[in-house]
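Side-chain atoms are counted along with the backbone in the values below, which use heavy atoms only and exclude waters and symmetry mates. In the text below, chain A, chain B and the rest are named by the order of the sequence lines, each starting its count at 1.
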2 protein chains.
Amino acid sequence: MAFENLSERERLVLRSLINHYITTAEPVGSRAVAQKYRLGISPATVRSTMQDLEEMGLITHPHTSAGRVPTDKGYRLYVDSMMGPEALTASEEDRIRREICADYAAVEDILEQTATVLATVSKQLVVTIAPRFDKGVLNSVNLIPVAEKKILVILAVKHGLVRTVLLEAESSVDVKSLEKTADVLNEKLSGLTLGEIKESIDLRLKETSPADARLIKLFLDSTDSLLDFTEPDQMHLGGTTNIVDQPEFRDREKLRSLIEVLEEKKLLAELVSAKGIKEGISITIGKEMERGEMQSCSLVTSPYRAGKVRGTIGIIGPTRMRYSKLASMVEYAAKLLSDVLSR
Amino acid sequence: MAFENLSERERLVLRSLINHYITTAEPVGSRAVAQKYRLGISPATVRSTMQDLEEMGLITHPHTSAGRVPTDKGYRLYVDSMMGPEALTASEEDRIRREICADYAAVEDILEQTATVLATVSKQLVVTIAPRFDKGVLNSVNLIPVAEKKILVILAVKHGLVRTVLLEAESSVDVKSLEKTADVLNEKLSGLTLGEIKESIDLRLKETSPADARLIKLFLDSTDSLLDFTEPDQMHLGGTTNIVDQPEFRDREKLRSLIEVLEEKKLLAELVSAKGIKEGISITIGKEMERGEMQSCSLVTSPYRAGKVRGTIGIIGPTRMRYSKLASMVEYAAKLLSDVLSR
DNA sequence: GCCTGGCACTTTCCCTCGGAGAGTGCTAAC
DNA sequence: GTTAGCACTCTCCGAGGGAAAGTGCCAGGC
């Protein structure tokens with residue numbers, strides 16, 4: 001669908017209408033557009049322009065005598081070609097910077113904090129997802145016995161990212177062979193990315209002594225969950241309360257189904273990080289969302305990087321959201337996060 | 001307030017009324033009580049009994065011509081002295097048992113799963129809180145270098161409980177002295193409970209060589225967060241959606257403020273585990289709750305044990321909840337959890 | 001003397017109705 | 001092509017009225 005053929009006036013009206021609707025959450029009438037945005041045209045003219053826009057499917061009527069409301073398609077056009085970037089205010093920037101750049105040792109703490117600040121500043125729901133480890137270069141492996149049959153696997157990746165998994169062995173393992181296995185693993189695997197390791201691990205460990213086979217196998221099993229970025233503890237939510245206040249979630253069913261998605265952390269993580277694959281800000285609007293439950297929401301995401309690995313942050317809100325501002329905000333936060341995590 | 005002087009009839013009426021109200025969520029009229037529970041007395045008699053109960057502050061009127069509703073005080077009496085334990089159905093038990101007793105290596109996974117099952121079976125909000133480490137007997141300490149200045153501290157406690165904290169050193173530390181420090185710590189501290197360690201650590205480590213002082217100090221700093229059971233990752237929520245469906249949370253403000261509390265994980269953890277101190281089921285009703293935001297809720301909790309250490313599980317719902325059933329459920333789950341975690 | 005049926009009274013709930021308000025869409029004039 | 005005017009449509013809100021539910025009290029009965 002090419003909308004390049006929209007007249008200048010049509011573009012102007014659509015933009016004004018969306019801007020107005022975003023702040024008021026009420027259907028916008030022709031008078032409001034004509035007067036408030038001083039387009040120098042009369043309400044009647046606006047009305048006829050609106051009819052055109054409606055025919056193109058960019059706006060709709062809730063009912064005959066109400067003002068107009070943008071459709072998802074309308075928002076899409078607005079986002080793609082008519083919204084300017086809206087800079088954050090100094091105080092917003094300050095606040096975000098202060099929280100993200102405070103010093104934490106653990107990545108999770110930063111992500112948790114990021115989710116919280118962004119939520120307060122944006123007044124929306126914020127999701128931050130830990131870096132996907134599969135592109136990370138392995139620094140070291142440690143196998144620590146913590147109980148008779150329990151082994152803690154510690155994977156350290158460049159840039160201070162760490163992940164641990166607790167394994168249960170079938171029989172008790174002695175410390176010596178554990179250390180030996182760890183040595184073997186370190187020797188053979190460090191310097192590789194976890195993705196590479198996962199693919200080629202059978203090959204690489206083929207010629208190791210059979211004595212360690214059992215432990216190696218155990219280690220193999222663990223990599224799956226180590227690499228799984230959709231694990232619930234790899235995700236942080238902030239601002240759940242904010243969605244309750246949004247007028248669009250007056251509708252109980254909508255609220256319910258959204259909260260349902262939030263509880264299914266795995267699902268949510270997939271949804272958000274799928275968008276974080278490509279570089280830069282990515283905006284998903286309403287029906288474009290794969291999950292039916294979220295089709296009254298929009299999602300603004302950006303990847304961030306921690307060295308070689310990438311994670312995603314996202315803001316979720318009703319389709320009527322301040323795209324320009326939120327995009328700037330996500331972009332800013334992602335940049336800060338990348339800086340902090342890559343230093 | 002002694003209510004032992006309640007007549008048999010008054011007790012009967014109150015009980016019937018509460019039972020009825022719990023299932024319908026509607027004010028209960030005299031007719032409903034008289035007929036449905038076959039007390040062999042007429043509605044008129046019930047009415048006059050109700051007046052007595054109202055004078056005692058056990059039930060109220062939403063308005064003149066509505067039925068009666070129990071007050072917090074009424075629920076309290078009911079819970080303390082007139083509700084029989086309500087056994088779980090076989091299928092409920094099965095379901096809970098299956099999920100809790102599935103084999104997980106990590107305690108967090110069990111807790112997460114427990115929260116989820118209990119939420120589905122109880123149709124309420126469930127909170128599970130990880131064991132409080134301070135009573136745990138230290139098994140081993142490990143200090144693992146994961147990046148130039150980053151050290152992963154691993155505390156293993158009896159019964160396979162593990163906690164890790166990432167520390168940031170001021171300058172890079174070499175592996176040798178790290179190992180040495182770990183050895184010292186293990187030697188001096190293992191076999192003690194973490195609580196003892198925390199209290200007496202200065203003393204115990206006084207005569208160590210000054211070379212390690214820096215590392216030891218770092219370790220000391222970490223114990224605070226290691227022992228903090230209110231850390232967000234030590235808590236699991238299940239069934240957030242369920243509260244949205246409760247008729248008592250139609251009121252937006254109530255819903256909002258409850259969700260607010262849920263987001264403040266630290267707060268919630270304190271609230272719930274405060275009740276888990278004493279042995280056995282503990283029930284907190286409405287206004288008895290410390291936090292104002294939660295005064296329209298009730299809380300049913302029980303501690304569970306993993307060896308020597310204890311954690312808490314709790315169910316949160318509106319004051320109009322099925323206390324007897326939920327108490328049985330929490331009790332059952334706590335017992336299973338204790339079994340699983342202590343073996 | 002306690003229980004009960006009867007009855008008047010109160011309050012909510014729901015439906016309807018009508019007027020005010022907002023906004024459209026069309027048409028005719030500029 | 002733009003605008004003013006105007007009839008029309010639809011929602012929103014408050015008033016009014018009847019039904020339903022339940023109470024509180026009183027007088028009579030076992």
Bounds of contact between DNA chain C and chain A, in 5' to 3' order, using a heavy-atom cut-off under 4.0 Å: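 For DNA chain C, the relevant span reads C/dA22 to C/dC26.
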
Between A/Thr64 and D/dC10, is there a side-chain N or O to OP1/OP2 distance below 4.0 Å?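 Answer yes for this pair, as a side-chain N or O of A/Thr64 is under 4.0 Å from OP1 or OP2.
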
Please determine whether side-chain contact (heavy atoms from CB on, under 4.5 Å) holds for the pair A/Leu258 and A/Met294, giving the CA-CA distance in whole Å, both sets of side-chain angles, and the decisive distance to 0.1 Å. CA-CA 6 Å; A/Leu258 178 54; A/Met294 306 218 30; 4.0 Å; yes

What is the separation between atom [atom1] on [X] and atom [atom2] on [N], rounded to the nearest whole Å?
X	N	atom1	atom2	value
B/Glu54	D/dG22	CD	P	15 Å
B/His61	D/dG22	NE2	P	11 Å
B/His63	D/dG22	NE2	C1'	9 Å
B/Met50	D/dC25	CE	C1'	16 Å

Is the closest side-chain donor-acceptor distance between [X] and [Y] under 3.5 Å?
X	Y	result
B/Gln295	B/Glu288	no
B/Glu86	B/Ser324	yes
B/Ser42	B/Thr45	yes
A/Glu263	B/Thr240	yes

Walk me through it: do A/Glu248 and A/Cys297 pass the test side-chain contact (heavy atoms from CB on, under 4.5 Å)? CA-CA 9 Å; A/Glu248 15 273 294; A/Cys297 295; over 6 Å; no

Polar atom pairs between nucleotides 2-6 of chain D and protein, under 3.5 Å, N or O only, would you list them?
from: D/dT2; atom 1: OP1; to: A/Arg9; atom 2: NH1; distance (Å): 3.0
from: D/dT2; atom 1: OP1; to: A/Arg9; atom 2: NH2; distance (Å): 2.8
from: D/dT2; atom 1: OP2; to: A/Arg9; atom 2: NH1; distance (Å): 2.9
from: D/dT3; atom 1: OP2; to: A/Ser42; atom 2: N; distance (Å): 3.1
from: D/dT3; atom 1: OP2; to: A/Ser42; atom 2: OG; distance (Å): 3.3
from: D/dT3; atom 1: OP2; to: A/Thr45; atom 2: OG1; distance (Å): 2.3
from: D/dT3; atom 1: O5'; to: A/Ser42; atom 2: OG; distance (Å): 3.4
from: D/dG5; atom 1: O6; to: A/Arg47; atom 2: NH2; distance (Å): 3.3

side-chain contact (heavy atoms from CB on, under 4.5 Å) between B/Ser16 and B/Lys36, intermediate numbers included: CA-CA 9 Å; B/Ser16 308; B/Lys36 195 156 174 203; over 6 Å; no

From B/Glu260 CD over to B/Leu267 CG, what is the distance, rounded to the nearest 0.5 angstrom?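 Those atoms lie 10.5 Å apart.
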
Return the CZ to CD distance between B/Arg291 and B/Glu264, rounded to the nearest 0.5 Å.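 B/Arg291 atom CZ to B/Glu264 atom CD measures 7.5 Å (nearest 0.5 Å).
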
I'd like a table of atom pairs between the protein and nucleotides 13-21 of chain D - only N or O on both sides, under 3.5 Å - with the distance next to each one.
none

Among B/Ile18, B/Thr284, B/Ile283, find the one that has a side chain to side chain contact (heavy atoms under 4.5 Å, CB included) with B/Val79.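 The passing option is B/Ile283.
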
Side chain proximity check, A/Ile285 to A/Tyr323, heavy atoms < 4.5 angstrom: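 SC-SC contact between A/Ile285 and A/Tyr323 confirmed.
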
